[in-house]
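Let me begin by presenting the structure, written as structure tokens, before commenting on it.
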Amino acid sequence: LPLGGYVKISGMIDESMDTEQMAQPAQPWEFRAKPTWQRLIIMLGGVTVNLVLGFLIYMMVMFVWGRTVITNDALVYGLDPTPQAQAIGFEQGDKVLTVNGAPLDAAMDVNKWLFSRDAKSVTVLHANGTEETILVPEGYGKQLFAAGEMFPLIPHMPAIVEKVMENSAAATAGILPNDRIVGVNDVAVSSMRQVQRALDTREGDTVVLSILRNDEIKKITISVAEDGIVGVYFEDTRPKATEMAYSADESIKQGFDYGYWTLYDYIAQFKFVFTKKGASQLGGFGTIASLFPAEWDWRTFWERTALISIILAFMNILPIPALDGGHVVFLTYEMLTGRKPHQKVLEYAQLIGIILLLGLFVFANGNDIYRFIVN
């Protein structure tokens, strides 16, 4: 079972802190007796396998299930920009044509480019039919993170009435199928989500809805129930996803690209861990478990397994004592200087690394417990 584990290597200062063994003469089969380049390969072995495994799983997923994407054609109503996205020029109804001059197969990947992939420019088609190239400011990802807008562009889903419940407040007020709600108490709203949020804040109250009907705006006064319901069903205006199927050769390329960008995004977003907001989002076992759905799904299982494997590769190569990356640092020093670090240095470094990792372990799982209690 690919569950990982701990291997105690003979003749090495590690988590076991077996100083008694290290006090004995070195044996030819021990780690410390091997050439530096061999020890370096051993220390990079786990990281390499984690990385290769993640990429191979993504290739397998692409071959068996393909990839689910939302294309520009599926965005019938375009995109909804958040305030941060509006601030740099995005408008409601936009469709993304290119990012940094290149088209996107998956339209919603624009969020990754804006948040962590250092997009320089985004060319959009506005709802009025005009094209515009929006220049993305330096450090825009940090702005989005600080504002809590990791998805600055989401599919626009207008509040179009599909059905009116009999004997409901909506029926009494005269709301009809195909009506489009564009305002609540003279505050403009553009999506189902905005409409529902506006109604939820006025439970048990009376509001004035602005209705777009036959290209005319009508004002309708309506009572909102205690649970925020007025008695309408909205049309399902979510964009329809496209299933992309790949041949064996295509799966290798697509899986490699997906694995590469997964690793890239994780490394690019890692800097946020060192902020107060980022630290509060760290999680332990509970967060890992939440990555998987409540009902068993093989595709999701393999995708999450690949993600965790790639994350482990990156985390283990960090230059922290007690991790593989920490050992690599000392081995690199030895290769460059021709001198082994003193054993006491290795022991103290290992001890410091263990303390740091245990502290991180407690902090991350403590965050999970706190979120469980609060929520």
Side-chain angles (χ1 to χ4, degrees), residues 58 67-158 188-191 193-194 197 237-239 241-242 244 253-282 307 310-311 314:
Y58 278 134
R67 188 181 177 199
T68 304
V69 300
I70 294 175
T71 63
N72 259 330
D73 292 339
L75 294 170
V76 178
Y77 301 100
L79 296 166
D80 252 340
T82 62
Q84 290 293 324
Q86 291 176 357
I88 65 171
F90 289 100
E91 300 175 3
Q92 180 188 309
D94 282 350
K95 291 186 177 182
V96 175
L97 301 179
T98 64
V99 176
N100 293 347
L104 296 178
D105 293 331
M108 301 316 299
D109 278 355
V110 65
N111 289 301
K112 296 177 181 178
W113 281 96
L114 290 171
F115 184 54
S116 59
R117 296 184 185 176
D118 196 27
K120 303 296 184 183
S121 64
V122 179
T123 301
V124 299
L125 177 66
H126 291 310
N128 60 12
T130 62
E131 290 187 17
E132 180 185 359
T133 297
I134 299 171
L135 299 180
V136 182
E138 190 75 23
Y140 187 61
K142 292 182 179 178
Q143 297 179 32
L144 293 175
F145 183 77
E149 299 178 7
M150 278 69 86
F151 297 91
L153 297 169
I154 61 174
H156 177 55
M157 293 180 284
V189 293
S190 60
S191 66
R193 183 175 60 176
Q194 291 176 328
R197 284 179 178 174
T237 53
R238 290 174 297 179
T242 300
M244 307 288 289
K253 180 184 182 302
Q254 291 294 330
F256 181 85
D257 288 345
Y258 197 86
Y260 169 82
W261 285 115
T262 297
L263 178 61
Y264 183 98
D265 290 339
Y266 189 80
I267 294 174
Q269 296 169 25
F270 187 73
K271 59 180 177 288
F272 297 127
V273 170
F274 301 101
T275 65
K276 182 178 180 181
K277 183 175 181 179
S280 67
Q281 295 179 5
L282 285 175
L307 173 64
I310 287 176
I311 289 175
F314 172 69

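The shown structure was predicted, so the numbers you read here are calculated from the model rather than taken from an experiment.
- For the pair Thr237/Val76, no side-chain contact is recorded, criterion being any heavy-atom separation below 4.5 Å from C-beta on.
- Ala74 meets the side chain to side chain contact (heavy atoms under 4.5 Å, CB included) test with Ile70, Thr71, Pro239; sequence neighbours excluded.
- For residues 258-271, every residue pair satisfying the salt bridge (charged side-chain N to carboxylate O under 4.0 Å, His left out) rule, not counting sequence neighbours, is listed here: Arg117-Asp265.
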Could you pull out every donor-acceptor pair under 3.5 Å between side chains of residues 148-157 and any protein atom, sequence neighbours left out?
unit_1 : atom_1 : unit_2 : atom_2 : d
Glu149 : OE1    : Thr82  : OG1    : 2.5
Glu149 : OE1    : Gln84  : N      : 3.1
His156 : ND1    : Asp80  : OD1    : 3.3
His156 : ND1    : Asp80  : OD2    : 2.9
His156 : NE2    : Gln92  : NE2    : 3.4
His156 : NE2    : Ser190 : O      : 3.1

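- Atom-to-atom distance recorded for Glu91:CD and Thr130:OG1 is 7.0 Å, nearest 0.5 angstrom.
- Within the structure, the ring-ring contact (aromatic ring centres under 6.0 Å, His included) test picks out the following pairs touching residues 90-113 (sequence neighbours left out): Trp113-Trp261.
- Checked against salt bridge (Lys or Arg N to Asp or Glu O under 4.0 Å), Arg197 has no partners two or more places apart in sequence or in another chain.
- Minimum heavy-atom separation, Ser116 to Tyr264: O-CE2, 3.5 Å.
- Residue Tyr266 qualifies as enclosed at atom OH: its count of foreign heavy atoms under 6.0 Å is above 12.
- Not counting sequence neighbours, the partners of Ile267 by the side chain to side chain contact (heavy atoms under 4.5 Å, CB included) test are Leu263, Phe314.
- You'll find the side chain of Val122 stays beyond 4.5 Å of the side chain of Thr133, heavy atoms only.
- Between Val124 and Lys95, the closest side-chain pair of non-hydrogen atoms is not below 4.5 Å.
- In this structure, the separation between CD1 on Ile310 and OH on Tyr258 is 9.5 Å, given to the nearest 0.5 Å.
- Put simply, the side chain of Gln269 reaches to within 4.5 Å of the side chain of Phe115, judged on heavy atoms.
- Here ring-ring contact (aromatic ring centres under 6.0 Å, His included) pairs that include residues 124-147, with residues two or more places apart or in two chains, are Phe145-Phe272.
- Between Gln143 and Pro137 the shortest heavy-atom distance is NE2-CG, 4.3 Å.
- In this structure, the side chains of Leu144 and Leu114 come closer than 4.5 Å at one or more pairs of heavy atoms.
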List the atom pairs, donor and acceptor, that lie under 3.5 Å between side-chain atoms in residues 98-108 and the rest of the protein, sequence neighbours left out.
unit_1 : atom_1 : unit_2 : atom_2 : d
Thr98  : OG1    : Thr123 : OG1    : 3.2
Asn100 : OD1    : Lys120 : N      : 2.7
Asn100 : OD1    : Ser121 : N      : 3.1

